[in-house]
Amino acid sequence: MKDSLIIALDFPVKSQVIEFLKQFGNEELFVKVGMELFYSEGPSIIEELKKQNHKIFLDLKLHDIPNTVKSAMKVLAGLGCDLVNVHAAGGTEMMAAAVEGLDSGTPAGSKRPYCIAVTQLTSTSEAQVSKEQLIAVSLQDSVLNYAGLAQKSGLDGVVCSPLEAKLIQSQLGLDFLTVTPGIRPADSELQDQKRAATPEFAKAQGVSAIVVGRPITRSANPLGSYLSIKNKWKGVYK
Ligand code: C5P
């Protein structure tokens with residue numbers, strides 16, 4: 001899990017995913033399947049990706065009552081994903097139930113998927129935290145609070161911004177995973193990411209894994225962009 005570069009497969013249908021992945025030959029990848037692709041294709045997309053020997057982050061951000069999340073996680077563990085997630089706002093009981101569901105659904109002899117929590121979405125502003133969520137502390141303190149609750153509930157880490165990773169690890173330990181989207185190579189466009197960071201910066205912050213979408217999926221040369229970002233992330237500078 002540590003040091004992974006996770007490619008966000010933000011495509012609407014399986015045929016586009018298969019076409020995209022052809023360029024990578026036999027390279028074993030770590031890929032992220034989000035809501036759009038999973039809701040359109042269902043579990044068959046996971047089967048297909050597993051057949052191709054890729055590791056899978058199923059990014060469905062579960063948030064419901066503990067019993068429902070537990071049952072849903074039992075099903076997801078049976079699909080053979082490597083990493084899944086929940087919203088920390090669902091509470092400690094819900095997060096603990098997610099882990100229980102994963103434990104019970106993991107086939108004998110397999111490793112249970114890692115489970116991480118979304119703290120505050122990166123689309124959430126300081127104003128929303130105070131005016132809509134009525135949280136009296138800063139956005140950063142709210143993120144830290146949620147990360148602490150996730151750890152207490154038995155989760156393996158959080159999704160966070162590269163800018164928050166160091167602080168989270170200084171409070172919760174280096175084994176607590178920080179998985180960070182919003183990664184942009186220095187020469188690439190920001191698109192809608194507001195607080196982007198380079199792979200080199202993420203590495204320097206001690207980030208556990210980076211999630212990269214459009215700089216690879218929308219590149220004119222996806223394999224070339226993947227290898228270049230991977231080299232920067234792994235510390236092999238070109
Ligand atoms: O294309 P890009 O590199 O911006 O893709 C980032 C991926 O990470 C997308 O799938 C996006 O939904 C996801 N993500 C994010 N910010 C978060 C959580 C997930 O960008 N806080």
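All ligand and atom numbering here is 1-based and tracks the order in the structure. Here the structure is a predicted model, which is why all the values come from computation and not from measurement. We count residues from 1, following the sequence as given.
Atom numbering of ligand 1 starts at 1 in the shown order; those under 4.0 Å from a heavy atom of Arg214 are 1 (O), 2 (P), 3 (O), 4 (O). Set against the non-hydrogen atoms of Gly213, the atoms of ligand 1 under 4.0 Å away are 1 (O), 2 (P), 3 (O), 5 (O). Close approach of ligand 1 to Ala8 is summarised as follows: ligand atoms under 4.0 Å from at least one heavy atom of the residue are 7 (C), 10 (O). Heavy-atom contacts of Pro215 reach the following atoms of ligand 1: 3 (O) (cutoff under 4.0 Å). Per-residue contacts place Thr122 under 4.0 angstrom from the following atoms of ligand 1 (heavy atoms of the residue considered): 16 (N), 17 (C), 21 (N).
The backbone N or O of Ser125 lies less than 3.5 Å from a partner atom in the side chain of Gln128, making a donor-acceptor pair. Not one N or O on the side chain of Ser142 forms a donor-acceptor pair closer than 3.5 Å with the backbone of Ser138.
For residues 125-154, no residue pair satisfies the ring pair (Phe, Tyr, Trp, His ring centres under 6.0 Å) rule, not counting sequence neighbours. Contacts classified as side-chain hydrogen bond (donor to acceptor under 3.5 Å, both in side chains) and involving residues 71-95 (residues at least two apart or in different chains) are given here: Asp59-Asn85.
The nearest non-hydrogen atom to atom 8 (O) of ligand 1, considering only Gly34, Ser123, Pro181, comes from Pro181. The heavy atom nearest to atom 2 (P) of ligand 1, considering only Lys61, Met35, Arg184, is found in Arg184.
Salt bridge status for Lys14 with Glu47: absent, with no side-chain N to carboxylate O gap under 4.0 Å. Comment: Lys203 does not engage Glu200 in a salt bridge, judged by the lack of any side-chain N to carboxylate O separation of less than 4.0 angstrom. Electrostatic pairing of Asp175 and Lys2 counts as a salt bridge here, judged by a charged N lying under 4.0 Å from a carboxylate O.
Here Asp10 has side-chain heavy atoms under 4.0 Å from ligand 1, and that is the only part of it that gets that close. Within the 4.0 Å heavy-atom criterion, neither part of Ser161 lies near ligand 1.
Note: no N/O pair closer than 3.5 Å links Asp59 and ligand 1 by distance alone. Of the polar atoms of Val212, none of the N or O atoms is found under 3.5 Å from an N or O of ligand 1, judged by distance alone.
By the 4.0 Å heavy-atom criterion, Lys32 is counted among the residues contacting ligand 1.
Here the shortest heavy-atom pairing between Ala98 and Val69 reads CB-CG1, 3.7 Å.
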